[in-house]
Structures are given as C-alpha cells and as structure tokens.
Protein chains: 2
Amino acid sequence: MSHSILAPARVPASSRGLPDATVARLPVYHRVLCTLAQAGQQTVSSGDLASACQVTSALLRKDLSYLGSLGTRGVGYDVASLAYRIGCALGLSHPRHILIVGLGSLGHALAGYAGLADRGFVLVGAVDANPELIGTPVGRPGQEVTVRSIGDLDVVVRETDAHIGIIATPAEAAQGVCDRLVAAGIRSILNFAPVVLATPAGVEVRKVDLSLELQILAFHEQRRGEEPLPAVMRA
Amino acid sequence: MSHSILAPARVPASSRGLPDATVARLPVYHRVLCTLAQAGQQTVSSGDLASACQVTSALLRKDLSYLGSLGTRGVGYDVASLAYRIGCALGLSHPRHILIVGLGSLGHALAGYAGLADRGFVLVGAVDANPELIGTPVGRPGQEVTVRSIGDLDVVVRETDAHIGIIATPAEAAQGVCDRLVAAGIRSILNFAPVVLATPAGVEVRKVDLSLELQILAFHEQRRGEEPLPAVMRA
DNA sequence: TAGATTGTTAATCGATTAACAATC
DNA sequence: TAGATTGTTAATCGATTAACAATC
C-alpha cells in the first residue's frame with residue numbers, strides 16, 4: 001500500500017467503503033441542505049446542520065469526512081456546494097429509471113408521489129397482473145406511464161432501461177415478481193410487500209414495511225405503560 | 001412446558017433492555033413464524049428459522065435468549081408458542097388504536113392496508129385539512145372510519161383513545177401535525193412525510209421515506225457501475 | 001448412548017462519541 | 001491575534017459472530 005510520490009488520481013478514501021450507516025444518513029443531510037439552500041442560507045456549521053438532522057456534530061463531521069475535506073475551519077460548510085458533493089456521492093447526478101410492479105392503491109400512491117421526480121428519479125414503467133388496469137395511465141400529470149401486463153415485465157425492463165424495481169404487490173406475489181425482476185437484470189429493489197425476499201448476491205433489496213414499523217412502535221408503547229416506577233423501590 | 005417447581009413468575013432478563021436491533025428483528029421472526037404455523041409446521045430449528053429471516057442462527061438465538069429460554073436443546077422451537085411469546089414481548093396482545101393524519105392517496109392506501117387490522121392494529125380515526133374529504137369514509141370495508149377535520153384532531157384523539165399517529169401529510173404540514181399529536185398525548189408516531197420531525201423526549205418517532213430509500217439504492221447502483229475491475233492490477 | 005440443537009460466553013467487528021490539534 | 005469550527009484520533013459503546021458446554 002503506497003502513498004509516497006505520484007499518488008495516481010487519488011480518491012480521498014471517498015465513495016469506496018462508505019460505512020452503511022453513513023450512506024443511510026447522507027440523503028438526510030442532502031435534503032436538509034437543499035431546504036437551507038432554498039431558504040437562501042450560504043453556509044452552515046456542523047453543529048447547526050447536525051441538529052437539524054438530529055445527529056451529533058461529531059458524527060456529521062465524520063460522515064462528511066469520508067467524502068473528503070469539504071468544510072472550512074472556523075467557518076463551516078458552503079450549503080450549495082456541500083449539497084452538490086453529497087448528491088454526487090449518492091449518484092444523484094445520473095437519473096435513475098423506476099419501474100413499479102403492482103398498482104393497487106399503494107402502487108398508485110407511489111407512482112403519483114411528487115418526491116419521486118424530485119431528485120433525478122424517473123418513473124419509466126408500471127406493470128400489474130390485473131387486466132382491468134392494463135392500459136390505464138399512472139403517475140404525475142405530464143409524466144404518466146401506461147400500465148402494462150406483468151407478463152411483459154421482461155420486455156418493459158429492457159425497453160425502458162429500468163434500474164430500480166419497486167414491488168407493491170400482495171405478499172403472495174412478491175417473491176415471484178422479485179425473481180423475474182432479477183432475471184430481467186434489475187439489481188436494486190425496493191420492497192413494500194410484507195415478506196422477506198430471497199435474492200442472489202449482488203442484488204440490493206431494501207424494504208419498507210408498515211406492519212413492522214407499527215409493531216416496533218407497539219413495543220415501545222407497551223414498555224412505556226410498564227415503567228411508572230421511577231427508581232424508588234428500596235425500603 | 002414448565003421447568004422446576006413454581007418458578008415465581010420469573011421475568012428472565014426479558015422485555016426490559018432489549019437492544020434496539022433485536023426489537024427491530026422480532027416482528028420479522030414473528031411474521032415468519034406465523035407463516036410456518038399456518039403451513040402446519042410444529043417445530044423449527046434456529047438454523048431454519050434464521051435462514052427464512054435472513055439472519056444468522058447465532059443472532060437469532062441471541063435475540064430470542066433475551067425473551068427467556070424458549071427452545072428445547074436437540075429439538076428446536078415450538079412454532080406456535082414461540083410466535084405467541086414474541087407477540088407478547090412486542091405487546092401485540094393489546095390492540096393498538098391508529099389515527100391517520102392526511103388522506104391523500106398515500107393516506108388512503110394506508111387506511112385500506114390489510115396488514116393493519118392483521119396484528120391487533122385498529123384504525124380508529126382519520127383527519128385531513130381538505131374540507132372535501134371531511135365526512136367521507138376510509139379504511140377496509142366493515143371497519144371504515146369517517147374523515148374528520150384536522151381542527152378536531154385533539155377531540156378525535158381523546159374520543160378514540162388513539163395510541164399511534166400516522167402522518168401522511170405533505171412535508172410542509174408534518175411538523176405542525178406532529179406538534180399537535182404530541183400535545184394531544186400521542187407518544188408513538190409513524191412519519192411518512194419527507195422531513196425530520198422534532199419531538200420532545202419520550203416520544204417515539206419512526207420514519208418511512210420513499211425518497212431516502214431510493215437514494216440509498218441509487219448509491220449502490222452507482223457503486224456497482226464503478227467496480228468492473230476484479231482485483232487484477234499488479235503487473 | 002449418539003446426534004442434534006440450544007443458550008451463553010468470549011472475541012470480533014463496526015459505529016459513535018469525546019476531545020483536540022490544525023487552521024481558517 | 002482571538003474566536004470559531006473543522007478533520008481526525010483514540011476511547012467507548014453496542015451489535016454480531018464463532019465456538020462450545022449444556023442438555024434434550
């Protein structure tokens with residue numbers, strides 16, 4: 001492992017090997033920075049940005065340090081350029097093509113979600129098993145796509161050059177859909193169905209699960225109901 | 001399934017002090033166990049259950065060990081009773097009352113979500129700022145609730161004895177809604193709006209954020225596109 | 001008994017925090 | 001210069017893994 005002379009196009013420890021926990025926080029920083037930028041703010045200190053993101057300033061600085069040395073000592077960070085750098089690290093510079101599978105009420109809601117178009121995400125396709133839905137338009141006005149048959153999933157992925165698949169089907173259908181997405185070449189999947197999806201290595205699956213989240217909240221609800229004794233027990 | 005004689009309602013290090021990471025996994029175990037039970041399976045080993053849940057068997061056993069000694073060496077775990085015990089730990093024995101704030105397409109989809117009624121969660125109320133929605137029914141057929149004015153949020157919380165608030169409003173409205181939920185006594189919030197919510201200590205907020213998840217996937221997409229050099233660089 | 005599998009310990013790994021030298 | 005704030009190090013904390021004695 002050599003530094004010495006002629007470090008060739010040095011990558012500042014960056015982009016490679018970002019800890020997962022850091023990657024999960026970068027979008028939060030990015031969003032808050034965009035809000036600050038829109039409000040016209042020029043610079044921000046790690047302390048202020050951190051509290052807006054609800055992390056400690058030390059953690060924020062450490063996270064950012066993986067991307068390089070982006071701040072100015074004694075001053076802080078330039079809001080716009082920091083947002084830009086984080087955007088680059090996240091790959092928001094390239095538009096990503098989204099395909100939604102399953103257009104029940106959730107699928108429809110996701111297709112119409114404003115925040116989707118927001119950051120370089122483009123809805124390029126939608127498929128469903130229900131013949132009645134096929135041919136109908138979904139998505140934001142002006143950017144609608146036509147629902148196609150799930151039988152054409154393979155074709156749709158190819159034609160639209162889809163990158164990310166969103167599974168919004170019933171639980172029973174999800175694994176089958178997932179298999180077909182992977183077979184069609186999709187490597188990034190966002191799963192809204194309440195099942196644990198099995199995928200080959202190299203496929204990135206993230207899950208969003210209402211029921212799981214509610215159960216975690218229920219646990220805390222319960223624990224809250226149990227703890228009315230404030231450490232007064234000795235006689 | 002008793003050991004020794006008259007173990008005096010012993011709480012086995014349980015329920016208190018479960019690590020957060022464990023709490024987040026218990027609902028997954030619970031769901032998979034319910035699926036196995038429905039399929040008629042009597043017992044399951046930590047190895048089989050763990051692989052169905054995509055965790056290691058050591059981690060699964062460690063997680064379960066916080067709840068007590070629930071398995072039988074040489075045999076495994078009884079599916080039904082393990083599901084029951086996890087359900088108790090999560091507090092799924094008591095029904096939880098859900099209030100949804102914001103009935104755009106996402107709010108409607110959530111209200112109609114089957115998995116909600118599933119595990120002891122009951123939709124008890126829905127409020128929105130849009131006068132056109134007020135008075136309309138939402139939710140699963142047979143368990144509908146009537147949308148009321150967001151101005152009545154306080155009253156609705158009291159009348160319905162709501163425990164958990166789901167925020168499905170636009171980003172701009174979310175913090176205000178959150179403040180009002182907290183003021184009305186809600187201590188558990190599930191936030192679908194793309195903002196970082198500020199709450200006083202003692203309030204549990206969980207967030208579900210499509211845009212954040214997509215950005216994390218985008219990061220991995222990008223990294224995948226960069227790594228075509230398979231460790232062949234020495235001359 | 002022999003084989004299987006748990007519950008638990010100790011070792012490892014990764015993520016967070018506290019503190020401070022560097023430097024604007 | 002004096003005050004502020006970063007980038008980084010070392011210490012801490014928490015979560016995961018590997019291994020195995022206990023025991024069905």
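All chains are named by letter (A, B, ...) in the order of the sequence lines, taking the proteins before the strands, and each is independently numbered beginning at 1.
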Pick out which of A/L110, A/L99, A/I100 makes a side chain to side chain contact (heavy atoms under 4.5 Å, CB included) with A/L123.
-> A/I100
Can you find a heavy atom in the side chain of [X] that is under 4.5 Å from one in the side chain of [Y]?
X: A/F121; Y: A/P95; value: no
X: A/Y113; Y: B/S105; value: no
X: B/L181; Y: B/V101; value: yes

Side chain of A/H97, backbone of A/D161: donor and acceptor closer than 3.5 Å?
-> yes
Side chain of A/S69 only, please: which of C/dG7, D/dG7, D/dT6 is the nearest?
-> D/dG7
Dot-bracket for DNA chain C, 5' to 3', Watson-Crick and G-U pairs with both distances under 3.5 Å, [ ] for crossing pairs, | for partner on another strand, reads ..||||||||||||||||||||||
Compare side-chain N and O positions of B/S46 against OP1 and OP2 of C/dT6 and report whether any pair is under 4.0 Å apart.
-> yes
In whole angstrom, give the distance that lies between atom [atom1] of [X] and atom [atom2] of [N].
X: B/L64; N: C/dT8; atom1: CG; atom2: P; result: 12 Å
X: A/L49; N: D/dG7; atom1: CG; atom2: P; result: 12 Å
X: A/L60; N: D/dT8; atom1: CG; atom2: P; result: 14 Å
X: A/Y77; N: D/dA4; atom1: OH; atom2: C1'; result: 13 Å
X: B/L70; N: C/dT8; atom1: CG; atom2: C1'; result: 14 Å
X: B/D48; N: C/dT6; atom1: CG; atom2: C1'; result: 14 Å

Decide whether A/D78 and A/T43 meet the rule of one side-chain donor and one side-chain acceptor closer than 3.5 Å.
-> no
Polar contact flag, side-chain donor to acceptor under 3.5 angstrom, B/R187-B/H163 = no
How does each nucleotide of nucleotides 15-24 of chain D score, in 5' to 3' order, for protein heavy atoms under 4.0 Å: base (B), sugar-phosphate only (S), or none (-)?
-> SBBBB-BBBB
Could you pull out all residues at least two apart from A/E204 that satisfy salt bridge (Lys or Arg N to Asp or Glu O under 4.0 Å)?
-> none
Look at A/R31 together with B/D209 and state whether they make a salt bridge at an N to O cut-off of under 4.0 Å.
-> yes
